[in-house]
Amino acid sequence: VAAIHAEQEVVACPALQPIAAAEAEQGVVPAVAQGTDAASLFLFPTLKLGAKSTDITAVFPTSTGTRQASPLPTGHSEEAFLGGVLVVPRSSFIGFTVDEPFSEGRERMTTLFTNGKLPDATRIGINWTVSNLNRPWFAGSSVIPHSDTCNGSAWRKLIIEGLKHASAGGC
């Protein structure tokens, strides 16, 4: 999270939360039960429009360890990560995007969230909308709801805890 924050001019971070266990090319991606940790939260850098390159690399867990990959090219998103890197069915995930904090006014929208309370003091913005992944899980809505509808608030809380954990670094 801190590395992405340092490169916020060139990198956004599509993110995925497994909502059901899935068989991936690298092994099984476990579902994370609400009320537990968010160890399976996937954060993956994507180059922003006009960005040329960055030194950021992505590391993600596999059933046998970890795998390293480069950021996705501009215009690619969660679906490219699921199909091209993890090689896993998209139906097992919900999605959102981590980016720089949103401008005043926009941060009040229910689809967006700005949080300045990560352990490393990094301020981030979260866009809770992913058009293709979230609809089956949230009654046809592309937004992870901020209410208890379809457990939206519980998923948001789990995701924020996962981001805090990722921001803290180490064990």
Side-chain angles (χ1 to χ4, degrees), residues 1-5 11-46 56-73 75-99 110-113 115 118-119 122 124-171:
V1 174
I4 292 163
H5 179 66
V11 176
C13 192
L16 301 162
Q17 175 66 60
I19 204 164
E23 183 69 36
E25 191 173 86
Q26 296 83 19
V28 175
V29 176
V32 176
Q34 291 180 350
T36 63
D37 65 14
S40 294
L41 181 67
F42 290 91
L43 304 169
F44 203 83
T46 301
I56 290 179
T57 56
V59 177
F60 60 93
T62 68
S63 60
T64 59
T66 60
R67 181 175 160 197
Q68 193 168 7
S70 297
L72 292 171
H76 288 77
S77 64
E78 300 82 4
E79 303 243 3
F81 181 64
L82 288 171
V85 179
L86 281 180
V87 190
V88 64
R90 69 183 196 160
S91 60
S92 298
F93 292 84
I94 56 175
F96 57 98
T97 302
V98 178
D99 203 345
T110 60
T111 59
L112 306 175
F113 175 73
N115 181 333
L118 296 178
T122 298
I124 59 170
I126 300 172
N127 183 340
W128 297 109
T129 306
V130 172
S131 61
N132 295 326
L133 296 178
N134 295 340
R135 291 181 195 278
W137 297 102
F138 301 110
S141 174
S142 60
V143 178
I144 300 172
H146 67 290
S147 66
D148 288 336
T149 303
C150 301
N151 293 319
S153 60
W155 283 112
R156 283 186 178 203
K157 181 179 177 186
L158 180 75
I159 288 164
I160 290 168
E161 289 304 314
L163 291 170
K164 287 179 180 178
H165 180 76
S167 176
C171 297

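Screening V130, L82, L16 for a side chain to side chain contact (heavy atoms under 4.5 Å, CB included) involving R90 leaves a single residue, L82.
Residues A15 and V98 approach most closely at CB-CG2, 4.5 Å, considering heavy atoms. A22 approaches V88 most closely through the heavy-atom pair CB-CG2, 3.3 Å. In terms of heavy-atom proximity, F138 sits nearest to V143 at CB-O, 3.9 Å.
Residues I144 and I159 have side chains in contact (heavy-atom distance under 4.5 Å, counting atoms from C-beta outward). Between F96 and T129 there is no side-chain heavy-atom pair separated by less than 4.5 Å.
Summarising the geometry, atom CG belonging to L43 is positioned 9.5 Å from atom CD belonging to Q17; distances are rounded to the nearest 0.5 Å. Atom CD1 in I94 sits 5.5 Å away from atom CH2 in W155 (nearest 0.5 Å). Atom-to-atom distance recorded for I19:CD1 and S92:OG is 9.5 Å, nearest 0.5 angstrom. Here CG of L133 is found 9.0 Å from CZ of F93. Values are rounded to the nearest 0.5 Å.
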*Would S153 and D148 satisfy side chain to side chain donor-acceptor pair (under 3.5 Å), going step by step from the backbone distance to the final call?*
CA-CA 5 Å; S153 60; D148 288 336; 2.6 Å; yes
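A donor-acceptor pair under 3.5 Å is absent between the side-chain atoms of W137 and the main chain of C150, judged by distance alone.
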